[in-house]
Visitor: 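Please find one structure pasted underneath; my questions will follow.
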Amino acid sequence: MSRLQYMKNNVGLASIPLFANLSPSQLDLIAAALERRAYRAGEDIFLQGSAADSMIIVESGEAVLFRSDSDGSQQALATITAGESINQEALFKDSVQSATMRAAQPLIALKLTRASFTRLLEQQPELGAAFGLGRVREQAQISPQFAEQREDEEILIQTRRHWWSFLRSAWLPLLFMLAMWGGAILLEIQVLSLVLLVLSVLLPGAALAYFYLEWRNDAVIVTDQRIIRINRTILSMVRQVTQVGLESVHEINFEFPSYDPFARLFRYGKVLVKTAGAQGNLELDFMPNPEQYQKLIIEDRAYFESRQAQRHHKIVRAELQRWLAGDNEDAAAAASFADSDEAPKPIAGANGFLSSRIEMSNGDIVYRKHLSVWAQHTFIPLAIILVALASLALSLALISPDLRIITMPVGLAALLIGCLAFYWMDWDWRNDLYIISDDTITLVHKRPFFLQSLRDQILVERIDNVESMTRGILAALLKYGDVRMSLVGADEPKMFHRVSKPQEIQQEISRRQHQKAERRARYDAMQQRQILGEYLNTVNGGSAPNATEAALPSENSFASQPFAPEDGAIRPAANPDRNRPPRLPRKIMPAAPRASHAPQDIERSTSRRPRRFRSDRSDPA
C-alpha cells in the first residue's frame with residue numbers, strides 16, 4: 001500500500017468537511033502535501049499565543065485542547081481523537097492560537113502548512129476552484145507585471161507615472177498631424193491630398209499609441225513590505241524590475257523640478273528613496289502628488305517597524321511559555337540538525353547535464369548562465385571538431401595513401417585542438433555558479449587547470465536593492481537577463497550575468513531575505529527567552545511557576561502613545577487590540593499642498609497603519 005493510499009485510508013480525508021467535495025485525484029494531492037509527525041505523551045503540539053500556520057489532523061492517539069488564563073489556571077476545552085482535525089482556518093488567513101494542544105498519549109499528527117497549501121493551489125488551479133478560491137486568489141494578485149506577492153503582503157499603492165509624462169511626448173505627433181492636414185488642404189491633386197490625409201491619421205496615430213503604451217507599461221507598486229518599480233521599453237524589449245525592502249529604507253525625499261514649470265501646476269515630481277548604500281537608492285520620477293507618496297512611504301516604514309516589534313513581542317512571549325512548560329524542542333532540533341550535517345546533493349535540475357538551475361538537498365539553489373551562453377561559447381570548438389572529423393573521414397575515403405601522411409596528422413591535430421577548446425569552454429560555463437542559500441549568496445568563477453578560482457560570498461541581509469533586467473529581442477524570446485544586487489557599504493553592485501528567468505531569481509532572493517528576517521526574529525526571541533527565563537528563575541527562586549507566568553510581559557506591554565511631532569520621534573501605533581495590528585482604511589483623500597517641501601527623514605514618521613492611496617484621480621478623464 002502506497003503512502004498516499006495509507007494516509008487516505010487511515011485518516012479519512014474525504015470525511016473532513018473541508019475536503020468532502022474533492023475528487024480522488026485531488027485527495028491524492030492533499031495527502032502528498034501532508035507532513036507526518038509523532039509526539040510523546042505530554043508533548044505540546046502547539047502553544048497558546050503562537051502563530052497558527054497549519055491545519056492538524058490526528059492520525060492516531062488523543063490530544064487535549066486547553067486555555068491558560070492570566071492567573072495561571074487552565075481551562076479544558078475539548079478532546080481531539082483519531083480522524084479529527086483542527087485549525088482549518090489557518091490555511092486561509094493569518095491567526096494566533098487561542099489555546100494549547102497537548103498530546104494526552106503517544107500521538108501521530110499530520111500537518112498541512114499554509115505554505116504547502118498555497119503552493120499546491122498555485123500549481124493546481126483546479127484545486128483552488130474546488131475550494132471556491134479562484135476569484136479570491138485572482139483578486140489577491142498585485143499585477144500581471146509583478147511576479148510574486150507574499151502571503152502576508154498588502155498593496156498600498158499601485159500606479160504609474162503622472163499623465164503629463166505621456167502628454168509631453170504627444171505634442172510632436174499632434175504637430176506633425178496638423179502640418180500634414182495643412183499640406184493636404186494646399187495640394188490641388190485630390191488623390192495626393194486624400195493619401196496625405198490618411199497618412200496624417202495613421203502615422204501620428206501609431207506614434208501616439210506607442211507613447212501611450214510606453215506610459216502604461218511602467219508601474220510603481222508600494223506594499224506594506226517593499227517598494228517595486230517596473231520599467232518596460234517596447235522597441236528595445238527592455239524590462240527592468242527594481243525592488244527595495246522597507247527595512248532598507250532610511251530616508252525619503254521629494255522635489256518639484258525647478259526647470260519644469262508644469263511640475264507645480266500639475267503636481268508631479270521626483271521621489272527619492274534612500275538606502276544605507278548609495279547604489280541602492282531608488283528614483284521615482286514623474287510621480288503624481290509626490291508629497292503624498294513621501295508621507296505614505298514614511299508611515300509605511302514606521303508601521304513596518306511597529307509591526308515587527310509587535311510580532312517579536314508575541315514570539316518572545318510564546319517562547320517564554322514554552323520554557324515554562326519545559327519544552328526543549330529547539331535544543332533537540334538544533335542537535336539533530338548538527339548531527340545531520342552532510343554534503344548537499346542535487347535533487348532537481350531543469351535540463352540534466354545542461355541544467356541552468358539545480359536544487360540541492362540542503363535547500364540551496366545553484367544557477368548557471370543561460371544555455372545560450374554555453375551554445376555561443378562552444379559553437380566554434382564544436383565546428384572545429386565536426387570539420388576535423390569530416391576531413392578525417394574524407395582522407396580515409398578519397399585521398400590517396402601518400403597524401404594521408406599529411407592530411408591525417410592535420411585532421412587529428414585539429415580534432416585535438418577542438419576537443420581541448422570545447423573542454424575549456426564547457427568547463428568555464430559549468431563552473432561559473434551563482435548559489436543562493438538561506439544566509440548567503442555565493443558567486444563562483446573557475447577556470448580549468450587551476451588557472452583561476454574566484455569565490456565571492458555576500459550576506460543576504462547586506463542586500464539593499466535587487467534589480468532584474470531583460471534587454472533585447474533575443475533575451476526576451478529566450479528569457480534571460482541580468483540580476484543586479486546593491487549592497488550596504490559596497491561601491492560596486494554584484495551581478496548575475498545572463499541567467500535564465502532573472503525575474504524568478506530576483507523573487508527568490510527577495511524570498512530568502514524575508515525568511516532570513518523571520519529567522520533572525522525567532523533567534524532573537526529565543527535569546528531573550530533564555531535571558532528572561534534565567535532572570536525570572538532567579539527572582540522567583542525557581543519555585544513559583546504561577547508567579548513567573550504572571551511576571552511575563554503582557555500583550556499590552558507596548559503602550560501606545562500618540563505621535564508627538566514636536567520632538568520628531570517615532571511613537572508606537574495606537575491600537576486597542578494588541579493581538580492584531582491596526583487595519584488599513586480603504587482609501588484616503590489627497591491632502592492639501594503643504595507650504596514646505598523640504599526632505600523628510602524616517603525619524604519624523606508615525607507608526608500608524610499606512611493609508612491606502614489611489615492616484616487614479618490624477619489621470620486624465
Side-chain angles (χ1 to χ4, degrees), residues 1-22 24 26-69 72-93 95-118 120 315 318-337 339-340 522 545 549:
M1 182 181 296
S2 67
R3 172 178 175 268
L4 301 182
Q5 196 65 31
Y6 174 82
M7 288 185 177
K8 287 171 60 181
N9 292 345
N10 288 270
V11 178
L13 289 178
S15 63
I16 299 175
L18 181 64
F19 307 133
N21 297 325
L22 300 184
Q26 291 171 339
L27 289 175
D28 288 340
L29 295 174
I30 296 294
L34 296 175
E35 300 176 5
R36 194 166 183 263
R37 183 168 179 181
Y39 294 90
R40 303 183 301 273
E43 187 175 357
D44 291 333
I45 301 169
F46 57 76
L47 290 171
Q48 179 179 339
S50 60
D53 59 355
S54 59
M55 172 185 176
I56 296 177
I57 306 170
V58 178
E59 180 180 334
S60 64
E62 186 176 288
V64 292
L65 198 66
F66 62 91
R67 180 182 293 118
S68 299
D69 297 329
S73 61
Q74 295 180 348
Q75 177 185 359
L77 300 178
T79 300
I80 314 298
T81 58
E84 296 182 343
S85 62
I86 193 171
N87 281 358
Q88 296 183 11
E89 67 279 358
L91 298 177
F92 305 97
K93 63 180 181 179
S95 58
V96 177
Q97 301 289 4
S98 59
T100 298
M101 183 177 179
R102 181 173 296 170
Q105 54 183 258
L107 179 142
I108 296 178
L110 300 173
K111 286 188 175 183
L112 179 61
T113 63
R114 189 189 307 124
S116 300
F117 184 69
T118 303
L120 196 59
I315 295 175
E319 289 291 333
L320 283 172
Q321 289 176 343
R322 291 176 59 187
W323 174 80
L324 291 172
D327 186 0
N328 294 322
E329 181 182 349
D330 292 325
S336 62
F337 178 79
D339 294 338
S340 61
R522 183 76 177 179
E549 172 68 24

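Heavy atoms only: backbone and side chains are in, while hydrogens, waters and symmetry mates are out. Note that the structure is a prediction, hence the values are computed from the model and not measured.
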Visitor: Are any of the side-chain heavy atoms of S54 and E35 separated by less than 4.5 Å?
Guide: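 No, too far: nothing below the 4.5 Å cut-off.
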Visitor: Say whether, by atom type as modelled, one donor and one acceptor occur between the side chain of T100 and the main chain of Q48 under 3.5 angstrom.
Guide: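 Yes, because the side chain of T100 sits within donor-acceptor range (under 3.5 Å) of the backbone of Q48.
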Visitor: Looking at F46, is its backbone amide N or carbonyl O close enough to the side chain of Q97 to form a donor-acceptor pair, meaning the two atoms are under 3.5 Å apart?
Guide: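 Not confirmed, Q97 side chain does not pair with F46 backbone.
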Visitor: Locate the shortest heavy-atom distance separating A76 from F66; write the atom from each residue and the value.
Guide: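 That would be CA-CB, 4.0 Å.
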Visitor: Does any non-hydrogen side-chain atom of Q26 lie less than 4.5 Å from one of D28?
Guide: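 They are not in side-chain contact.
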Visitor: Taking all atoms of both residues into account, what is the closest heavy-atom pair of A52 and A90, and its distance?
Guide: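 Looking at all heavy atoms of both residues, the shortest contact is O-CB, 3.6 Å.
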Visitor: Any side-chain to backbone donor/acceptor pair from R67 onto Q75? Under 3.5 Å, distance only.
Guide: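 Absent.
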Visitor: Determine whether L120 and L112 make a side-chain contact, defined as any pair of heavy atoms from C-beta on separated by less than 4.5 Å.
Guide: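 The answer is no; the side chains never approach within 4.5 Å.
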Visitor: Could you list the residues that satisfy side chain to side chain donor-acceptor pair (under 3.5 Å) with D53, not counting sequence neighbours?
Guide: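 Expected list: none.
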Visitor: Quick check for you: to the nearest 0.5 Å, what is the distance between I56 atom CD1 and L34 atom CG?
Guide: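 Nearest 0.5 Å value for the CD1-CG distance: 11.5 Å.
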Visitor: Within a strict 4.5 Å, meaning less than it, do heavy atoms of the I16 and Q88 side chains meet?
Guide: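 Contact flag for I16/Q88 side chains = yes.
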Visitor: With rounding to the nearest 0.5 Å, note down the distance linking OG in S98 to CG in L77.
Guide: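 Rounded to the nearest 0.5 Å, the OG-CG separation comes out at 7.5 Å.
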Visitor: Taking all heavy atoms of I30 and all of F19, pick out the closest pair and write down the distance.
Guide: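 Taking every non-hydrogen atom into account, CG2-CZ, 3.9 Å.
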Visitor: Out of K111, R37, R36, which residue meets the salt bridge (charged side-chain N to carboxylate O under 4.0 Å, His left out) rule with E59?
Guide: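 Answer after filtering K111, R37, R36: R36.
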Visitor: State which residue, out of L107, I86, I45, fulfils the side chain to side chain contact (heavy atoms under 4.5 Å, CB included) condition with V58.
Guide: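 It is L107; the other options fail the test.
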Visitor: For E84, which residues count as a side chain to side chain contact (heavy atoms under 4.5 Å, CB included) partner, sequence neighbours excluded?
Guide: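 Here the qualifying residues are I80, T81.
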